[in-house]
Every structure is written in C-alpha cells, then in structure tokens.
Amino acid sequence: MILKKVLAIGIMLTIVLTFFSVGIEAASYPERPVFSEGDEDRKEIVIVTAKGDVEELIKEVQEMVPEAVIRKKFITLYHGFTMELPRRELNKLTTIDQIERVDRLAYFEADLDVSVPFIGAGDTKELMNRGGKHLTGKGVKVAVIDTGIDYQHPDLQVNYKGGYDIVDDDNDPMETLPRQGLPTLHGTHVAGIIAANGKIKGVAPEAELYAYRALGPGGQGTTEQVIEAIEKAVEDGVDIINLSLGNTVNGPDWPTSIALDRAVEMGVVAVTSNGNSGPKMWTVGSPGTSSKAISVGASAPPIKTPYITMFGEDKEISLLPMGGALPWELKKDFPIIDVGYGTKEEFDELEIKGKIALIKRGLIPFTDKVLMAKEAGAEAVIIYNNLSGAFVGAVEGGVKLSAVSITKEDGEWLLAYMKNEKKDVRLRTIYREEQDFIAPFSSRGPVTHSWEVKPDLVAPGVSIQSTIPKGYLSLNGTSMSSPHVAGAAALILEAHPDWSPEQVKAAMMNTAVKLYDNQNELYYPHEQGAGRLQVDKAVSASSLVYPGALTFGKWSKDDRRETRTIMFTIDNQDTVSRTYHVVPPFEVPDGVQWKVPFATTLAPGEKKQISLSIDLMPSVLAEGLHHGEIFVEGGREKISVPFVFFIQEPDYPRLMSFHFGHGDKEHSYRYELYLPGGAEEVGIAIYQPDTFEFVTYLDVQYDLSRGMFGGEIHDIELEDGIYKALVYANQDGREDTLETFITIGNEIPPKSQEESYE
C-alpha cells in the first residue's frame, strides 16, 4: 500500500505538503538529448472542454475517433466530458474547432472549542440577525466534498441529511472503512468543524450537512470525481460547498477551479483550502486558485506554542504539532539524539531511552517512525523536513508519545550544533501563548497568469480538534481553515438569505482583521488576503465592497506610461443612505498616480460600480511585487481592500507538481508536471542518490505551452533502485529545478512524493 501511494501519479490534498527545491547549477548538466513521445497505443483519459453543444461535440469526436470511450458528461458546471482514447488519436482532437481545450486527468489524495469563539462564532450575544434571533446555520445546506462522513458519529448524525458516493456510485457516502481499503477520516473532521452538534460544537451547529465522497480508500480520487461531486452538489440545491482539497497546480484555469467559478455563478458559495505548501510565494494550488471561490489560508487560534532552545543559545525553534500524537508538554531538559530516517536498523543501533529522537522526514511513514521511537523508550520525537520549509504531518491511529515537526533549515541547524558540541546536547522547552500568526505551512499566492491575490482570507488551521470516525482528533492544515469559513458562510446566509455568493465573500473579506508577524510587520496580501475571519463582524456588515482584493496585473520596465482602470462595487446594505469616499494610498512612490471618484451616495439597498484607475510609469519603479491598501470610507466601518501589481515578469516557479510512476505496460514509466508559463526546455536528469554523480537523462522536451504536461518513457537502461531526479524547466532566461527521488523497479523511495495522514 505504501508503494502504491508513493508511486501514484497524482495531485495531493491540502493536508499534504508538496515539494519544491533548488538543485545544482545549470552549467553542470551534460549535453541534453531529445526523446520520443513513447507508446502510441497507450490509453489516455482526458477532460475535454466544449465551446458549444456538448452532445454534438461528442458525436463529432466519436465519428473521428471510433475507439474513444465517453466516461462522464459535465453539463451543469464544466461544460465538457471525460473520455478514454488511444494516445495516437490525441492529435486528432486539435483539429476539432468545437474543442476549447483538452486536459489530462489528474489525481487527488487526502491531504474547536477555542477556534470557534475566537473567530466570533458560537453562543455569543453578538451573533444575532437583525430580528434578534441567535444564528446557528439552521436551514442552510452545506456540502462537504471530501472522503465521506461518518454520519453515525453522535456529533454529526442529527445534522446529516444525505449526499452521494461518487467513488462507489451509490447513496452511502460513509468514510472508507478498513475492510474497503486504507480507511479515511478527513471528511468527518472537516464536517465537524462546520456543523458538529454534540460534545463538540461547530461554527454552524444547526446547518444541514450533505456529504459527497469524491475521494476513496487512502483519500485518493481524480479530477473527474471531484468535478462530478461539485456538479452533483449544485444539482441537489446546496447553498455552500466546502472543498478541503487541492493540488500543486498554481493556475486559474485548472478544471476544478473553473468548475467552482461556475458553481458560484449559479448562486452557490464555494469555499476551498489554499494549500499546505508554504511558506514560499506561488504555492497556492487549484481549486484554491478559483477566482470566485473563497480561498482560505491557515492562521493560529490562541495556542500555547512550544519552542526548543539550548542553554546559552539565543536561537529558538518553533515546534508544529503532529495530528494523532500527544501534544508537546515536556517540563524538563532532555538530551537529543540523531536517529537518521528512523528506520528499525537505526533505532536498533542507538540508545534512545530517555532522549528526544531527531528524525529526518522520508523513507518510511511518520507513524512507523513515532511507533518505533515509543518502543525504544524515547521521551519525544522531532521530525525535520527533507525539503525546504515546514510541513503538515499526522500519525495514523494515534500514538501516546509527543511528536512534532520542524523545518528542514531548523533540523539541519540542530544537526550541525550537535556535531560541533563535544558533550551531549540537552533541549529545553519554553512555552508562549500566541495567536494570529500565519501558519508556516499555509500556501501563499498570488495566482500565476491572472496575478490575483490568494488566499482571500485566513482562518484557524493549527491544532484544530474535531470529529473523526468513532472519536475526536486534533489536526493541522488549511483543510481545517476552510470549514471555519464554510460554517461562517452558513451563519451569514441564515442572517441574509437573499445575499449572493459575492456578497457573502465580501462580508468576510471586508471585516477581516489584519494580521502582523512577530516583527510587527503587516503580512503581505498574498499571505493573509484581506485578513483573519471575524464571523460576528461579517454577519453585521452593512456596507460591502467587492471584489475584496484587487490586482492591476504586471508591467514590463520598457512599457510606456499607462493608465489601467478596475471596476469594483460598493453595496449599501444599511437602512440609511450612505456617502462613500474611495481613499487611495497616502504615500505614493514616484511614477504612480491614483484616480478615484470624489464621492458616491447610495440609498439603502443600492449598489453601484465604481472605477479606480492607476496611472503608472513602469521604468521608474523597482522590479517585483508592489502592494498596498485602498480604503472605502462612509459606512459604519472603514473598509480596507488590498491590491497588488508587478513590475517585470514575476519570479514564480517555472515548473510545479512533478509526479513519476509506473506506466501501463511493463518497463514503462509515466511522469507529469505543470508549467505555469510554458517552457522552452524541460528535462529529467538522473543522479546517484548518495554521490550525486550524473547518470543519464530520462527525458527532454522543447517548446511546451502553459499547462499540465506528461510523458511516457520506455525501456530505461538503469538498474533497479532509487535515484535522485533533478527536473528542470527553462523559460524567459530563467531555469527552475525540482529535486526528488524516483524508483526504477519496485523499491520504496525516500518520500518526497508525500502521502497524507503520515
């Protein structure tokens, strides 16, 4: 099962950390060969987007490609269909005028008591509608598109109203049970945050829950299943959709993002997690890149954060809890020991009892590492990342041992410190009461190509206790942040049943509280969006401005002076007339001028589109991201609207979401990757994992357009084993690389293609 999960060519749920890394310099590459496309008889599953009538297009395709098998039709939202056909026939699709685009099928995998009152929800006197009735989400239908729901859980059974199992094609969306494969719990946890109504109270404890099981055993599913679930939920008349899932594709036009945009156009509030691939820019993935959905990042509710330090050292290392393990509550100093990857052989060779085990991520599951540490008598476990940055991890089944994660950089610093010391290093734990920081794993925007601000806002996603099958568990991730916002949307719709999804989204963004980092610097818009959710403020919002964040796109240095105008809406939901003023940034750099209307008076219930113009001279501005806030005054509260624009082509990664695994035929392999801006050259260089000695190129391709790209490789002349792969892409004079392990044969590689709940 582990091998199957590692080798699955897929795109992971937001509870999974994706992998970005910088490799060796381009100058070290040997001469690059050219490879052929591969097996033309191989069956390919694709998603076809139609320009016109779907049924007519299907007839035309079947006449041209008789071997094509139509799988699913999407009429409600996506306006297209999926089909299976021989690879040799793919080129024929490019000759059909009524096809707008073709995408290869991608795969997905499943990635309160404090947080609910913290965001202004729960049993508070402020959470009332205008008639004085307490808001609970009653009568509002919320769809949870996930791994299913344990609808027999005592905290959920009252609110569960139905749904559908897309995986098994029946009316029973129960979580995957052990007899069916690798069991799941993710959807039940998400549902509890939205509307648990028992021992735990969700954000909207009387909302109606509908479950759509789009991800099966092990939390695995496909784009096809997710889109079908979205369509089914919309057809069933739900008010809100929550998708605590995502991938590493940072592009606005991925099929799941498009499907959510159209769901919103049909009047459904769509909420999705932003991803767990932070803290770097450009790590938000689809469907978090959807323009009209509400994309949610992760912040911290009030928590007691443990930090480790050493006597005489100023450095402090923040510890991120791992789901399923005991919280870190050490009171004394303990020695630390390096246990490598935490394999059985490494544990057998060392004396662990009474020490803190420092373990590198990879090679074996988190659960195995922590269980072996417990058996060896360790006091606690620290797992450091094998890739840059932080990660979200969980231990399956629960282990009665404290386990936490730290960044790759902190782990390597600890190793170096331990090596330099001539005596045992002892770790001391200090605790701080903290809140409202952006979780390091929370994905950041903006969105490539559209340059939109994402996330739209943030909500609690650290140490969130919620329901799981037959119990409760604390988990971390933007998967936990999204349902806070979905629950908040239910309360807002109960208070304002006639509001559109755009108004619901604006109410949350316009009233969000701005967050500051530990240096008291305001987080960037692409880190926090409009700020952290405040449900009570959103429910009582009487003036709305939408969209709640703005982008003016990008300029080149050699562009002439230009004025760009954006339209946005001011919406007076108050009971009295209001006169609004648009206030641009007070401090304006040379080369920038703002043009705004003098004043806008709106009667109760009236709304109006307003023009906002920026007159810009790119040549005098610094390259990179520029950002700030536009204010709208005149309502009960001043509304802040963040904005961004870029000078020169942004430094987004030139490749994302690389996956490698076995092909359909013996001795064949398949890979996929996403190119957000296209590429002049893409290749996979193979090295020995220990010496990093160059071995060969698996593939090289040239002049590729923007989007998902895949290749098939046959008869690889390599011995079976684990190799280090350096995947590179060149575009516009920049080369980006991604470093990972791949397997030739059937060995299990170190895990840089991550699996969830481990």
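Within the 4.5 Å cutoff, side-chain heavy atoms of Leu414 are placed close to those of Ile406. Looking at Asp436 and Tyr516, their side chains never come closer than 4.5 Å, going by heavy atoms from C-beta outward. The shortest side-chain heavy-atom distance between Val458 and Phe437 does not fall under the 4.5 Å cut-off. You'll find the side chain of Leu698 reaches within 4.5 Å of the side chain of Phe660, heavy atoms only. Side-chain contact between Val404 and Leu320 is absent, with no heavy-atom pair separated by less than 4.5 Å. Here the side chains of Leu533 and Val296 are not in contact, with every heavy-atom distance at 4.5 Å or above. Counting heavy atoms from C-beta outward, Pro446 and Met281 have side chains that approach closer than 4.5 Å. Under the 4.5 Å side-chain criterion, counting only non-hydrogen atoms from C-beta, Pro460 is not in contact with Met480.
Judged by distance alone, the side chain of Lys369 and the main-chain N or O of Lys360 form a donor-acceptor pair under 3.5 Å. In this structure a side-chain-to-backbone donor-acceptor pair under 3.5 Å is present from Thr289 to Gly251. Using a distance-only test at 3.5 Å, with no hydrogens or angles considered, a donor-acceptor pair links the side chain of Glu346 to the main chain of Tyr341. At distances below 3.5 Å, at least one donor-acceptor pair connects side-chain atoms of Glu409 with backbone N or O atoms of Gly389. Panel note: side chain Ser481, backbone Ala459; a donor-acceptor pair is recorded below 3.5 Å. Remark: the backbone N or O of Ser443 is not paired with any side-chain donor or acceptor of Thr283 at under 3.5 angstrom. Panel note: side chain Asp338, backbone Gly340; a donor-acceptor pair is recorded below 3.5 Å. Using modelled atom types, no side-chain atom of Ser405 and backbone atom of Tyr384 make a donor-acceptor pair closer than 3.5 Å. Although no hydrogens or angles enter the test, the distance criterion places no donor-acceptor pair under 3.5 Å between the side chain of His186 and the main chain of Leu245.
The OH atom of Tyr669 sits 14.5 Å away from atom CG of Asp699, with the distance rounded to the nearest 0.5 Å. Once rounded to the nearest 0.5 Å, the distance linking OG1 of Thr184 with CG of Leu177 reads 8.0 Å. In this structure, CG on Leu401 lies 11.0 Å from CE on Met322, to the nearest 0.5 angstrom. Thr467 contributes atom OG1, which lies 8.0 Å from atom CG of Asp150 (distance to the nearest 0.5 angstrom). Between atom OG1 of residue Thr407 and atom CH2 of residue Trp413 there is a gap of 11.5 Å, rounded to the nearest 0.5 Å. To the nearest 0.5 angstrom, Ser466 atom OG is 8.5 Å from Asp155 atom CG.
Aromatic ring centroids of Tyr674 and His659 lie 6.0 Å or more apart.
Looking at every heavy atom in both residues, Pro469 comes nearest to Glu175 through CG-CG, 4.1 Å. Of all the heavy atoms in Gly187 and Thr147, the pair that sits closest is N-OG1, 2.8 Å. Between Lys355 and Glu351, the closest heavy-atom pair is NZ-O, 3.3 Å. Looking at every heavy atom in both residues, Asn242 comes nearest to Ser244 through ND2-OG, 3.1 Å. Scanning all heavy atoms of the two residues, the minimum distance from Leu182 to Thr176 falls at O-CG2, 3.5 Å. In plain terms, the two heavy atoms of Gly354 and Pro335 that are nearest each other are O-CD, 3.8 Å.
Checking each of Ile317, Val339, Ile359, Ile308 against Ile382 for a side-chain contact (heavy atoms from CB on, under 4.5 Å) leaves exactly one that passes, namely Ile308. Results of the side-chain hydrogen bond (donor to acceptor under 3.5 Å, both in side chains) test with Thr478 over Asn276, Thr272, Asn274 single out Asn276 as the only residue that passes.
Salt-bridge annotation for Glu739 and Lys724: present, with a side-chain N of the basic residue lying under 4.0 Å from a carboxylate O of the acidic one.
Arg532 forms a cation-pi arrangement with Phe118, by the criterion of a distance under 6.0 Å to the ring centre and an angle within 45° of the ring axis. A cation-pi geometry, defined here as NZ or CZ lying under 6.0 Å from the six-membered ring centre and within 45° of its normal, holds between Arg361 and Phe391.
In Phe334, the CZ atom is crowded: over 12 heavy atoms of neighbouring residues, nucleotides or ligands sit closer than 6.0 Å. Lys514 NZ: more than 12 foreign heavy atoms inside a 6.0 Å radius.
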*Evaluate the side-chain contact (heavy atoms from CB on, under 4.5 Å) criterion for residues Ile464 and Leu475: first the C-alpha distance (whole Å), next the side-chain angles of each, then the deciding distance (0.1 Å), finally the verdict.*
CA-CA 5 Å; Ile464 305 301; Leu475 291 176; 6.0 Å; no
_Pair Val190-Ser482, side-chain contact (heavy atoms from CB on, under 4.5 Å): steps then yes or no_ = CA-CA 8 Å; Val190 167; Ser482 178; over 6 Å; no
_Steps toward side-chain contact (heavy atoms from CB on, under 4.5 Å) verdict (Lys280, Ser388)_ = CA-CA 9 Å; Lys280 292 183 179 180; Ser388 180; 3.9 Å; yes
*Do Ile742 and Ile686 pass the side-chain contact (heavy atoms from CB on, under 4.5 Å) test, and can you show the C-alpha distance, the side-chain angles, and the key distance before you say yes or no?*
CA-CA 9 Å; Ile742 66 169; Ile686 300 300; 3.5 Å; yes
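Note on residues 298-322: pairs passing side-chain hydrogen bond (donor to acceptor under 3.5 Å, both in side chains), not counting sequence neighbours, are Thr305-Glu434, Tyr307-Glu434, Lys315-Asp410, Glu316-Arg432.
In the model, His153 has no side-chain atom that pairs as donor or acceptor with a side-chain atom of Thr188 under 3.5 Å. Side chains of Tyr652 and Asn250: no donor on one and acceptor on the other come within 3.5 Å.
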Compile the donor-acceptor pairs under 3.5 Å between side chains in residues 373-380 and protein atoms, sequence neighbours left out, one pair per line.
from, atom 1, to, atom 2, distance (Å)
Lys374, NZ, Lys400, O, 3.4

